[in-house]
Amino acid sequence: MTSTSQDNRANLYPEITPKEEVETGNEISHFILDFIDEDLAPGGRSEGMRIHTRFPPEPNGYLHIGHAKAIVIDFGTAELYDGLCNLRMDDTNPEKEDESYVEAIKQDIHWLGYDWGDRFYYASDYFEEMYGYAEELIEKGLAFVCEQTPDEIRDTRGTLTTPGTNSPWRDRPIEENMDLFRRMRAGEFPDGQYTLRAKIDMTSGNMNMRDPVIYRIAHKEHHRTGNTWCIYPMYDFAHPLEDAIEHITHSLCSLEFEDHRPLYDWFIENCSVPSKPRQIEFARLNINYTVMSKRKLRALVEEGLVDGWDDPRLPTLRGLRRRGYTPRAIRDFCERNGVSKVPSVVDVKFLEYCLREDLNKRAPRAMGVLDPVRLTITNYPEGKKETFVVDNHPNDPDAGSHEITFSRHLLIERDDFMEDPPPKYHRLYPGNLVRLRGACIVRCTGCKKDADGNVKEVLAEYITGTRGGTSPPGEKVRGTIHWLDEETAVPCEIRLYDHLFAVEDPDGDPRDYHELLNPNSLTVLTDAYVEPWLVTAHSKIGYQFMRQGYFIEDNHDSSEEHLVFNRSVSLRDSYKPDM
RNA sequence: UGGGGUGUAGCCAAGUGGUAAAGGCACGGGACUUUGACUCCCGCAUUCGCAGGUUCAAGUCCUGCCAUCCCAGCCA
């Protein structure tokens, strides 16, 4: 179908790694880096140490672009200081977590361009050590076994404005606490019978300090430790210990953990851990016209409102990948947004800009017609055919070239013809000269319509001496349009995407989210055509369909027999009809 | 009548007492153009949530106020 002599270098541009990015010098500066610099300075808490961070996802869902920001910060910060970043599954709750997410998470992080070397861990690896620290707290009189029910705990915790009251079990003797805790571990009690609580301060203004539960009984099989344990540590207790055990120097997390920091520090101080990590919080990423919470994403998937976790309209990394987002663009987006403590909502236009910027430099150009109408070159003989060579990239000669064919009957975009155009319309209308990109100049001579007045065929004649598309002497051709040879054009399906939600802030809208969905978030074009080159080119980063946008083959549904393209993002369009 | 944060342009975001408040996105205008793309130029906060105060000098320091986000899981 396609010529074998084509210079096919659609994948000329490799992904560059984040490390190479750092080396090519992005100047990044924000408060976390300032803190680290202080810690590294003489007399600082990290003086002489190698910076060590971690990314600690809970394996209970797929990663989204909000996680990407955290990943870029965690791994990126380590890279910046020539330090290390661990990947750790925070699997302390067997009720919610599952091994099936683990591989997906690792895959997505690798895809984003980061690597944790041999430092892949599970929080559950440390259950024994954590248990030891809990016994230490009991021994120090800093933890007690409590018999209050969940309701009682809630009732005695107090409210935001009133202090809590001590549990009646708070002063249980150390030996008794130890005995009970060991029997909790031994499985002598049913779920919920006892908890282990830290003994801190029931009157604290910080709710987290009101004798928080640090161990609960759950006779539940854990995805890794099986039935070894029937007591599991809570996040607030487990996390600082995990960090300390791994010698994390800086534990970077999101803002909602800010008021957990006193608790974090309390455990670090009161358990004889091998290192003293510092927790620093930053604002998580939000983007308008979408939702980021796992709960809401899950609802969309489970209700079948989208096509799985990798639906191209979703902000999941799998969705973005299927949509055609490059790791480079996502990293760039995260970095350029900066790191601060301002709860912010970034304009999705900025994300799109980052993608265009990347793809403009690297994506091979091709022609695709989304909404076709026939263009007949009336002075070009029926049956004649010729071939043109077009560059794969207008600004980069090294990107190679490929061939396209031309004949009497072509396919053009329906809106590139108007019988009665507004002023400054540079495309086809009776009498106007237009360039068929890469082929020649034609003059529009009219059109044929069906009984209902719909344009069925546009008519034009080519201007001799304009082969390749050079302007005829003395004339300036303002309009250039894309086209396909009807004979060789390959039919395909094209999917156009728009915001999943019709409102800017779905989270802040009181209406039910079903009402907020954008009914036009997906448009399927079944009568679209592309160059035959695309059947075999297989560009990993997709193509720019000239004058349209960037498109990538769908990683589920496309095949050489039935091509399916997703529009990753449209081109900027500054054309405004004068009315 | 709790605790912890945050307020610099439509959106991000620098700024750490001293000549004119970075930069990017968006937006508007122009040049160039075989993509109405790209690229390139120009414009876009007399003012930093508000009100006082300190100072020769305040977005930066002080006081008060306002707005807004997070916290009452045996979730993370």
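A, B, ... follow the sequence lines: proteins, then strands. Residue 1 opens every chain. Computation of the quantities below employed the complete heavy-atom set of this structure, encompassing side-chain atoms and omitting hydrogens, waters and symmetry-equivalent molecules.
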I'd like to check the ring-ring contact (aromatic ring centres under 6.0 Å, His included) partners of [X]; sequence neighbours left out, ordered by chain and number.
X: A:Phe350; answer: A:Phe333
X: A:Tyr353; answer: none
X: A:Tyr126; answer: none
X: A:His482; answer: none

Sugar-phosphate, base or nothing in reach of [X], heavy atoms under 4.0 Å:
X: A:Lys96; answer: base
X: A:Asn288; answer: nothing
X: A:Arg427; answer: base
X: A:Val477; answer: nothing
X: A:Ile441; answer: nothing
X: A:Glu504; answer: nothing
X: A:Met367; answer: nothing
X: A:Thr195; answer: base
X: A:Val339; answer: sugar-phosphate
X: A:Thr149; answer: base
X: A:Tyr425; answer: base
X: A:Arg435; answer: base

Does A:Arg336 pair with A:Glu357 as a salt bridge, N-O distance under 4.0 Å?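 The answer is yes: the pair qualifies as a salt bridge.
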Would you call A:Asp265-A:Arg261 a salt bridge at under 4.0 Å N-O?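 Between A:Arg261 and A:Asp265 there is no salt bridge, as every charged N stays at least 4.0 Å from the carboxylate O atoms.
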Non-neighbouring partners of [X] that pass side chain to side chain contact (heavy atoms under 4.5 Å, CB included), sequence neighbours left out:
X: A:Ala502; answer: A:Asn518
X: A:Glu504; answer: A:Asn288, A:Tyr289
X: A:Asp573; answer: A:Tyr575

Looking at B:rC50, which nucleotide sits across from it as a Watson-Crick or G-U wobble partner, both distances under 3.5 angstrom, or is there none?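 B:rG64 - that is the nucleotide pairing with B:rC50, both distances being under 3.5 Å.
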Table please: side-chain donor-acceptor pairs of residues 212-219 of chain A below 3.5 Å, with sequence neighbours left out.
| residue | atom | partner | partner atom | Å |
| --- | --- | --- | --- | --- |
| A:Tyr215 | OH | A:Tyr131 | N | 3.3 |
| A:Arg216 | NH1 | A:Pro233 | O | 2.7 |
| A:His219 | NE2 | A:Phe189 | O | 2.7 |

A:Tyr101 OH to B:rA76 C1': how many Å, rounded?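 Those two atoms, OH and C1', are 15 Å apart.
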Taking atom C1' of B:rU35 as reference, at what distance in whole Å does atom CG of A:Asp415 sit?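 From A:Asp415 CG to B:rU35 C1': 14 Å.
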Would you please name every residue forming a salt bridge (charged side-chain N to carboxylate O under 4.0 Å, His left out) with A:Asp485, sequence neighbours left out?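 Partners of A:Asp485 by the salt bridge (charged side-chain N to carboxylate O under 4.0 Å, His left out) criterion, ordered by chain and then number, come out as A:Lys385.
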Would you say [X] places a side-chain N or O within less than 4.0 Å of OP1 or OP2 belonging to [N]?
X: A:Arg336; N: B:rA13; result: no
X: A:Ser340; N: B:rA13; result: yes
X: A:Thr92; N: B:rA76; result: yes

Heavy-atom contacts under 4.0 Å between residues 211-223 of chain A and RNA chain B, which residues?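 Hits under 4.0 Å, by residue number: A:Val213, A:Arg216.
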A:Thr470 vs A:Pro233, nearer the 5' end of RNA chain B by closest nucleotide: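 Its nearest nucleotide being more 5', the pick is A:Thr470.
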Looking only at the aromatic ring of each residue, does the gap between the centers of A:Trp483 and A:Phe406 stay below 6.0 angstrom?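 Here the rings of A:Trp483 and A:Phe406 have centres that are less than 6.0 Å from each other.
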Determine if the base of B:rG73 is syn or anti; take syn to mean the glycosidic torsion is within 90° of 0.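 The base of B:rG73 is oriented syn (glycosidic angle within 90° of 0).
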Mark up nucleotides 37-44 of chain B, 5' to 3', with B wherever a protein heavy atom is under 4.0 angstrom from a base atom, S wherever such an atom reaches only the sugar-phosphate, and - elsewhere. SS------
Please tabulate the protein-to-nucleotide N/O contacts below 3.5 Å involving nucleotides 65-72 of chain B, giving atom names and distances.
| residue | atom | partner | partner atom | Å |
| --- | --- | --- | --- | --- |
| B:rA72 | O2' | A:Arg157 | NE | 3.1 |

